[in-house]
Protein chains: 2
Amino acid sequence: MPAKRGRPPSLTEEQIVEAALRLARSVRLESISMRSLAGELGVPVMTIYNYVPNKEALHDLVASAVLRDVRVPTPEEGTWEERLKQLERDARSALADFRGLSLDRVDSTESARLAEGVMSILASAGFTSTEASLAFATMFTFMIGQIDVDVEIAEKGGPAAAAVQNVSQVTDMTPDEIYEFGFDAVIEGLKARLGPRSRRTPTTRTRRR
Amino acid sequence: MPAKRGRPPSLTEEQIVEAALRLARSVRLESISMRSLAGELGVPVMTIYNYVPNKEALHDLVASAVLRDVRVPTPEEGTWEERLKQLERDARSALADFRGLSLDRVDSTESARLAEGVMSILASAGFTSTEASLAFATMFTFMIGQIDVDVEIAEKGGPAAAAVQNVSQVTDMTPDEIYEFGFDAVIEGLKARLGPRSRRTPTTRTRRR
DNA sequence: ACCTGAACACCGTTCAAGT
DNA sequence: ACCTGAACACCGTTCAAGT
């Protein structure tokens, strides 16, 4: 066993990500500077660069850490629609605690894992792989929009925030319920246009037991 | 009529917005600096501040200029679905030429005009104002997501771009067609859950007490 | 191997002096 | 009324010298 050479690390990647997440609770991720992050950690700015090559890599690290907690529901956890909704709810609530975190532009194994999860749920629902891709693109687009709107609402500006607030007042629905409604509508639309139901013939029906 | 005092303006607001749009064809709006904009205009940086109070106001000005060209279709131009789709197509193509331009956070009479336009189309479709608000929030969320995804695709990164590219390969659909499909699905879902149709056939409704 | 001060090439914006 | 250089308070990141 060789003796360790040089200085031991004074930080861990984990500590850095935690500090960034701490700051991202009150401030948009984008507006966290390397300098303020160093301040939060109590180290000089340049020390961070021993662990993270640049700010973009830091963003990816932070986003991955958050997405890591999002589970892909197993087939036992309900119908495919319930599982999709569960995953969607889980992802949104994971991201909601931190501002400006997006699924967008996150290039990581985590986003790939979740994408695959959604695709497999769609496959188990009887969608062909082409249909599943189309459905995935549509749902993903909606979710990206939701996250954006969440940020807007948190910062109390913009037309989407106004729309949601308007609905809240008129219908007594919470923003969460409004989102659920929207996601349901998207799934409903996808079912109407794609999937086994629209092709259903008695012989191709899969049956249980 | 009093004689004009002081220096005459060397620029107009319009020139500034045009220069910004010129730059935004190749670079994200967010990454246009006041200094690079001044360079494009051939004036010192501080000259711009005689016309625009700050960078945020510039963004609003640019976004408004782009949205100004988006028309709200009149009732003569088709069914309410056709008109919604037309407006959506129009808005997206207007924004698509310029990167990083979003409906988000644009606080202007232009976004209000378009929001009202959508609401009036929904009203003419027979939605109550509550239903119209809900439908609007859902569609708007989807459109925000679409614009985000457009940016992703333009910059060739991110999971949404990957999904769309995947669908393109498998189905021979263009990105535009994929979007149209998604928007159709959203409208379909909204129709299924809201609006006059779902109330017109009370026999399917089982009331329990 | 890891640390870090100094420096570089940028930002948006304020201010004050100019015409 | 409009113009604009200088300055201020920031950025992310490179580099080289330190242990």
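Order of the sequence lines sets the chain letters (A, B, ...), proteins ahead of strands, with each chain counted from 1. Bear in mind the structure is a predicted one, so any value in this text is a computation, not a measurement.
- For B/Arg35 and C/dG12, the CZ to C1' distance is 7 Å, given to the nearest whole Å.
- Within 4.0 Å (heavy atoms only), A/Met34 reaches sugar-phosphate atoms of the nucleic acid but no base atom.
- Paired regions of DNA chain C, where each region holds three or more successive Watson-Crick or G-U pairs whose two hydrogen-bonding distances fall under 3.5 Å, are C:4-8 with D:12-16, C:12-16 with D:4-8.
- For A/Glu116 (side chain) and A/Arg113 (main-chain N/O), no donor-acceptor pair under 3.5 Å exists by modelled atom type.
- Taking 4.0 angstrom as the limit, B/Tyr49 places none of its side-chain polar atoms (N or O) nearer than this to OP1 or OP2 of D/dC2.
- Remark: P of D/dC10 and CD1 of A/Ile32 are 17 Å apart, rounded to the nearest angstrom.
- Heavy atoms from other residues, nucleotides or ligands lying under 6.0 Å from CD of A/Glu13 number 12 at most.
- Look at A/Thr47 and you'll find a side-chain N or O under 4.0 angstrom from OP1 or OP2 of C/dT4.
- Across all strands shown, A/Leu37 has no heavy atoms under 4.0 Å from either base or sugar-phosphate atoms.
- B/Ser33 comes within 4.0 angstrom of the backbone, heavy atoms only, and of no base.
- In summary, the side chains of A/Glu77 and A/Thr74 do present a donor paired with an acceptor at a separation below 3.5 Å, with no hydrogens or angles considered.
- Ring planes of A/Phe127 and A/Trp80: perpendicular class, angle over 60° (limits at 30 and 60°).
- Computed from coordinates, the B/Leu41 CG to D/dT4 P distance equals 12 Å when rounded to whole Å.
- Whole-Å rounding puts the B/Lys55 NZ to D/dC10 C1' distance at 14 Å.
- Rounded to a whole Å, the CD atom of B/Glu13 is 13 Å from the P atom of D/dC2.
- Side-chain atoms of A/Asn50 lie closest to C/dC3 of the nucleotides C/dC3, C/dT13, C/dG5.
- Residue A/Ser10 places none of its side-chain N or O atoms closer than 4.0 Å to OP1 or OP2 of C/dC2.
- Among the atoms of the strands shown, none is found under 4.0 Å from any heavy atom of A/Ile48.
- Atom CE in A/Met46 sits roughly 9 Å away from atom C1' in D/dG12 (whole-Å rounding).
- Side chain of A/Ser36 to main chain of A/Ile32: no donor-acceptor pair is present (N/O by atom type, distance under 3.5 Å, no hydrogens or angles).
- With respect to B/Arg89 and B/Asp176, no salt bridge is recorded, no charged nitrogen being found less than 4.0 Å from a carboxylate O.
- Set against D/dA6, C/dC3, D/dC3, the side chain of B/Tyr51 has D/dC3 as its closest nucleotide.
- Side-chain N/O atoms of A/Asn54 include none lying less than 4.0 angstrom from OP1 or OP2 on D/dG12.
- Taking atom CD of A/Glu30 as the reference point, atom C1' of D/dG12 lies 15 Å away to the nearest angstrom.
- When the shell of 6.0 Å around CD of B/Glu14 is examined, it contains 12 or fewer heavy atoms from other residues, nucleotides or ligands.
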